[in-house]
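For clarity, every value in this text was computed on a predicted model and none was experimentally measured. Naming convention: chains lettered A, B, ... in sequence-line order (proteins, then strands); numbering from 1 in each chain.
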Amino acid sequence: MSEPTLAAVATRWYDENARDLPWREPGVTAWAVLVSEVMLQQTPVVRVLPAWHAWLSRWPGPAELAADPPAEAIRMWGRLGYPRRALRLRDCAVALVERHDGTVPADLHALLALPGVGDYTARAVLAFAYGQRHPVVDTNVRRLVARAVAGAADAGPSTRPADLVATEELLPPEPAAAARASAAFMELGALVCTARTPRCVDCPLATRCAWLASGEPAPTGPTRRPQRYAGTDRQVRGLLLAVLRETPGPVSRDRLDLVWSDDVQRARALATLVEDGLVTSHSDAVYTLPGALPHTQPL
DNA sequence: AATCCGTGGTA
DNA sequence: TTACCAAGGAT
C-alpha cells in the first residue's frame, strides 16, 4: 500500500478544520463566488465577510450591479481597499450581461477576458463554483508547495507558469476532488503554513514536508524592501476618495484641499483618480463619484 | 519584470 | 513603533 497523496491528506484535514465561510456553502451562485474572490484579492477574510453579504443583498446578480452607476459600487466597497476592484467588478458585471447573457461563464478563456479577473480568480471560480479541475494558485498555495514540495522557505513574489504545473500535478484526477483539494491547500496555507510563523506542530503534512525535512532552512535570495504607505500617492488617493465616498452629494475642490497639504501631490493624486475612472470632474471645480448626479449643492 | 494600487490587524 | 502581511490584477 502506497502513502496517501498530499492532496488526500490535506483534504482529510480540511474536512475537520475548514472555516465555515459563506461562499463555500452549497447552492452559492457562481456570481457570489466571483464576488468573494475579487473581494479577497489582498483583503483579509474577516473584513470581506460583512461586505460580501451587503454586496450580494443589494446586487444578487450581474444584471442588478450593471444597472447601477459606478458611484454606488465604489460606496458599497467601503474600506476594503484597492477601490479599482469595485470599478472592475462592476465593469465585469456589464461584460457578463453583454457577452454572457448575465451569467458567469464556466470557461477559462472567457473568464480571463473579464475585467479584474486574472489567473487566480478565473481558476478559483471554475474550481469552487463549477467543480472543474484546475490548479488554483494563490499566495497560500505557492507558499505551501514551495515548502512541502520544493523545500524552500518561501515562494517567489508572483505566480509563475511553473507554479501552475507543480500544483496541477498534486491534484487528484476527479474534478470535484481536485477542487476540494485546492480549497484544502489554500486553507492549510492560510491557517497552518502561514507566512511568518508556520504552525508545523499542527500540520498534517509535517512528516512529508521537504522544508521541515531539510531542517527549516532560512529564506534565500534578496529580500525586497517593503512598500511604504505613509506619504505615498496611495495614501492621498485614499484620503480623497474617502471624502467622496462619505459625502452624499458633489464635493468642491476646496473641501478636497483640506485632506493633504502638499498641493502638487494632492493634485497628482486627484488627477490619477480621475484617470482611473474613480472620480469625475465637473465644471467649476466640483467632483463626484462616477455616475453620481452633479447638480445638488456642493459641500 | 518591476511597480503601482488601500486598508487595517498583528507581533 | 515599525514592518510585515492579507484568496491579485493591470500595465
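Of the listed nucleotides (B:dT7, C:dA7, B:dC5), B:dT7 has the atom at the smallest distance from the side chain of A:Arg79. Among the nucleotides B:dG6, C:dG9, B:dC5, the one closest to any side-chain atom of A:Tyr120 is C:dG9. Of the candidate nucleotides B:dT7, C:dG8, C:dA7, B:dT7 has the atom nearest to the side chain of A:Arg245.
For the pairing with A:Leu241, the side-chain contact (heavy atoms from CB on, under 4.5 Å) check across A:Leu270, A:Asp276, A:Leu289 returns one residue only, A:Leu289. Considering A:His134, A:Arg123, A:Arg133 in turn, A:Arg133 is the only one that fulfils the side-chain hydrogen bond (donor to acceptor under 3.5 Å, both in side chains) rule with A:Glu168.
Sparse packing is recorded around CD of A:Glu16, with 12 or fewer heavy atoms of other residues, nucleotides or ligands lying under 6.0 Å away. Around CZ of A:Arg268, the count of heavy atoms belonging to other residues, nucleotides or ligands within 6.0 Å exceeds 12.
Within 4.0 Å of A:Ala195, counting heavy atoms only, lie sugar-phosphate atoms of the nucleic acid but no base atom. Contact annotation for A:Leu241: no contact, since no heavy-atom pair falls under 4.0 Å across all strands. Residue contacts shown for A:Gly81 include a base, since a base heavy atom lies under 4.0 Å away. Base contact: A:Trp23 has a heavy atom under 4.0 Å from a base atom. No engagement by A:Val136 is indicated, since no non-hydrogen atom pair under 4.0 Å with the nucleic acid exists. At a threshold of 4.0 angstrom between heavy atoms, the contacts of A:Asp276 with the nucleic acid are absent. Using a 4.0 Å heavy-atom distance criterion, A:Thr232 is classed as making no nucleic acid contact.
Distance A:Tyr229 OH to C:dA3 P: 17 Å, rounded to the nearest Å. Taking atom CG of A:Asp138 as the reference point, atom C1' of C:dG9 lies 14 Å away to the nearest angstrom. Protein atom CZ of A:Arg47 is 12 Å distant from nucleotide atom P of C:dA7, rounded to whole Å. Put simply, CG on A:Leu87 is 21 Å from P on B:dC4, counting in whole angstrom units. Between the C1' atom of B:dC5 and the CD atom of A:Glu275 lies a distance of 14 Å, rounded to the nearest Å. A:Leu114 places its CG atom 19 Å from the P atom of C:dG8, with the value rounded to the nearest Å. Going from atom CZ of A:Arg143 over to atom P of C:dA7 covers 7 Å, rounded to whole Å. As a whole-Å value, the separation of A:Tyr14 OH from C:dA7 C1' is 12 Å.
Place A:Asp119 and A:Thr194 on DNA chain C by their nearest nucleotides, and A:Thr194 ends up nearer the 5' end. Two residues, A:Gly116 and A:Arg19, neighbour DNA chain C, and the one matched to the more 5' nucleotide by heavy-atom proximity is A:Arg19. If you find the closest nucleotide of DNA chain B to A:Thr272 and to A:Arg196, the one lying nearer the 5' end belongs to A:Thr272.
Comparing the P positions of B:dG6 and C:dT11 gives an interatomic distance of 14 Å, to the nearest angstrom. For the P atoms, the distance from B:dT3 to C:dA7 is 24 Å, rounded to whole Å.
Closest non-hydrogen pair, A:Leu49 versus A:Pro22, comes out as CD2-CD, 3.4 Å.
If you take CG on A:Leu114 and CG on A:Leu34, they are separated by 7.5 Å, rounding to the nearest 0.5 Å.
For the segment residues 28-43 of chain A, the set of residues with a heavy atom within less than 4.0 Å of an atom of DNA chain C comprises A:Glu37, A:Leu40, A:Gln41, A:Gln42, in numerical order.
Within the structure, a side-chain polar atom (N or O) of A:Thr121 is placed less than 4.0 Å from OP1 or OP2 of C:dG9. Residue A:Arg88 has no polar side-chain atom (N or O) positioned under 4.0 Å from OP1 or OP2 of C:dG9.
Of the charged side-chain nitrogens involved, none lies within less than 4.0 Å of a carboxylate oxygen, so that A:Asp68 and A:Arg90 do not count as a salt-bridged pair. With respect to the salt-bridge test (charged N to carboxylate O, under 4.0 angstrom), the residues A:Arg142 and A:Asp154 do not qualify.
Residue pairs meeting the salt bridge (charged side-chain N to carboxylate O under 4.0 Å, His left out) criterion with at least one member in residues 43-57 of chain A: none, sequence neighbours excluded.
A donor and an acceptor atom never sit less than 3.5 Å apart when one is taken from the side chain of A:Arg234 and the other from the base of B:dT7.
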